[in-house]
Amino acid sequence: MEKLPNAVTLGHRLRTTMLRDFEQPTESDIRASKGALSRITIGLEECPIPAVMGFALKLAGLERFGPGEKVAWWVSFMREGVLYEVAHQKFGLRLRIGGDGLSESEIELRLAQTKKKLISATKVVEKGINAHTDQLLESGDATVVNQHRRLEQAYEYFRDRSLNPTVVEDEHIEIKPEDGFGISGWSFTSGAAVMQLNSTHDVVAAITAFLSRLEHDLVLSLPFAGFDPSKDRLLGFIGQRWGLKYERVLGKTGQAKVYLDKLVDVMERWRNTYTHGGFEKGNETTVYAHVPDVGALPIGVSSLRGRSFLSLPNATEVTIRDVFALFDEFDEWFSAAVPQASAWIRSGLDVRFDDRFRDLVQSLANDPDGFQRYIDYANYQVDQAWNMDY
């Protein structure tokens, strides 16, 4: 999508309401304001996504500059004959005023009033963007946050606990009658039995974590598997059962079918079915819509399914090791079956679904060295953006 469908309407509303007295400064306005600047910080709780504020000012007809050294963007404007500048810098969103001839109290009042108008305008634009996020996501103008490492850590944690349970000693407790009444005797708790039960709980958690990681990796792999916005619905794909995700990305025949059958056997016996690869309702935001002229903005994902947890018999050491041996074997095969997707996922980079990214991936399909160079360059760009080293 090249332009937000309601951009014109939003711009008109801003110019006729909260930003109606914001004007583009002339060169003479800027030259006339050479004195010291006063500033305040606009916190993340007031403006969680600074890019939206910059977009609001552009919609209102003001010129947005940037990026520059340690600054993502900045906008200068006149309001009531006074020069202002708002900038998204490395350490925060700043609003400045050229306070020539103004008292300290006047400066403080003007900054507070202007900040209020800016925040109000930002909220209007946020609502306008939200009205089209589904359309943006379904067209592939989206980025999915790469949570592979976080999910991998959960899997490794529970796997290690299930294979190496904390030692529990046998417990003998003498039962004595109180006041001479009751039955005396002994109770015994087997430490080995408790350790086996703990291992069972941990193997179920490990299997659940493995499936959660697998589902997430399948979503991240979709742009590398011929994602077509005209046929594939991104949100619908995220909400599908894991088996359908698997078949869409890895296929339904050959080794893909062999491993799918084996994984289904394990999951049906041991897994906690309430898992969707890191996309559960209420989770931290993991999908970003590509809003024209703003960038990637976080969008909540909802309406995903869940099932209840089932109680299971204790797992033996042999059963546990067999499960993890299968998982290791599958991971090795997955890396070979979708090498581009695997390399990108392991890099920790977020995954884009837009046409430009998919075309680039396709062009490097037979050039693993070239693809690795692109991964290295993408990591460099991420570091550059974090540091605002433009």
Side-chain angles (χ1 to χ4, degrees), residues 1 44 48-52 72 88 126 129-130 132-157 208-225 227 229 232-240 242 245 248-249 274-292 294-304 306 334 338 340-358 360-361 374-388:
M1 185 183 297
L44 289 176
I49 310 173
V52 180
H88 180 205
E126 285 175 355
I129 291 172
N130 284 336
H132 294 279
T133 52
D134 285 352
Q135 185 180 349
L136 290 165
L137 296 179
E138 297 306 341
S139 66
D141 291 317
T143 292
V144 172
V145 177
N146 188 341
Q147 301 179 85
H148 172 86
R149 187 55 193 152
R150 181 178 69 82
L151 297 170
E152 175 78 2
Q153 288 173 334
Y155 167 59
E156 291 174 345
Y157 173 77
T208 297
F210 176 86
L211 182 59
S212 186
R213 190 204 68 183
L214 172 58
E215 283 204 69
H216 186 69
D217 288 356
L218 291 171
V219 173
L220 297 180
S221 300
L222 188 57
F224 303 88
F227 171 72
D232 298 306
R233 293 185 57 253
L234 177 56
L235 292 183
F237 181 79
I238 291 173
Q240 283 182 344
W242 75 272
K245 293 187 180 81
R248 170 62 183 83
V249 172
Y274 185 66
T275 175
H276 284 281
F279 294 97
E280 291 82 6
K281 182 178 180 181
N283 230 24
E284 59 183 317
T285 301
T286 56
V287 178
Y288 286 63
H290 294 182
V291 179
V294 184
L297 304 184
I299 304 298
V301 178
S302 60
S303 301
L304 302 182
F334 183 87
V338 284
Q340 270 192 319
S342 295
W344 191 275
I345 290 168
R346 289 194 302 270
S347 75
L349 291 163
D350 296 337
V351 176
R352 290 162 46 195
F353 282 69
D354 55 87
D355 293 340
R356 184 178 178 185
F357 181 76
R358 299 197 311 272
L360 181 58
V361 165
Y374 177 62
I375 289 177
D376 295 339
Y377 175 67
N379 270 310
Y380 166 75
Q381 287 183 308
V382 170
D383 291 340
Q384 187 182 45
W386 273 107
N387 291 316
M388 291 191 180

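Quantities reported herein were computed from a predicted structural model and do not represent experimental measurements.
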Between CZ on residue F334 and CG on residue L218, distance to nearest 0.5 Å: 5.5 Å
Donor-acceptor contact present, side-chain R358 to main-chain F227, <3.5 Å: yes
All side chain to side chain contact (heavy atoms under 4.5 Å, CB included) counterparts of F237, not counting sequence neighbours: V219, L222, Q240, K245, R248, V249
Nearest-0.5 Å distance, CZ of residue R233 to CD1 of residue I238: 10.5 Å
Q135: side chain to side chain contact (heavy atoms under 4.5 Å, CB included) partners, not counting sequence neighbours: M1, P5, H132
Under 3.5 Å donor-acceptor, R213 side chain and H148 backbone: no
Qualifying residue, where the test is side-chain contact (heavy atoms from CB on, under 4.5 Å) with D350 and the options are N146, L220, V382: N146
S139 to P229 - nearest heavy-atom pair and separation: O-CG, 3.4 Å
Straight-line distance of Q340 CD to I375 CD1, nearest 0.5 Å: 8.0 Å
Rounded distance [0.5 Å steps], OG1 in T133 versus CG in D141: 12.0 Å
Backbone of Q381 reached by a side-chain donor or acceptor of W386 within 3.5 Å: no
Test ring-ring contact (aromatic ring centres under 6.0 Å, His included) applied to F210 - qualifying residues, sequence neighbours left out: Y155, F327
Value rounded to 0.5 Å, distance of CG in L151 from OG1 in T208: 12.0 Å
Any donor-acceptor N/O pair, H290 side chain to T143 backbone, under 3.5 Å: yes
Plane angle bin for Y374 and F357 - parallel if under 30°, tilted between 30 and 60°, otherwise perpendicular: tilted
Main-chain N/O of W344 paired with S347 side-chain donor or acceptor, under 3.5 Å: yes
Distance in Å, H216 NE2 paired with S221 OG, rounded so as to fall on 0.5 Å steps: 9.5 Å
V338 backbone acceptor or donor facing S342 side chain under 3.5 Å: yes
Nearest atoms (heavy-atom pairs only) where V351 meets P223: CG1-CG, 3.5 Å
Salt bridge flag under 4.0 Å for residues D354 and R356: no
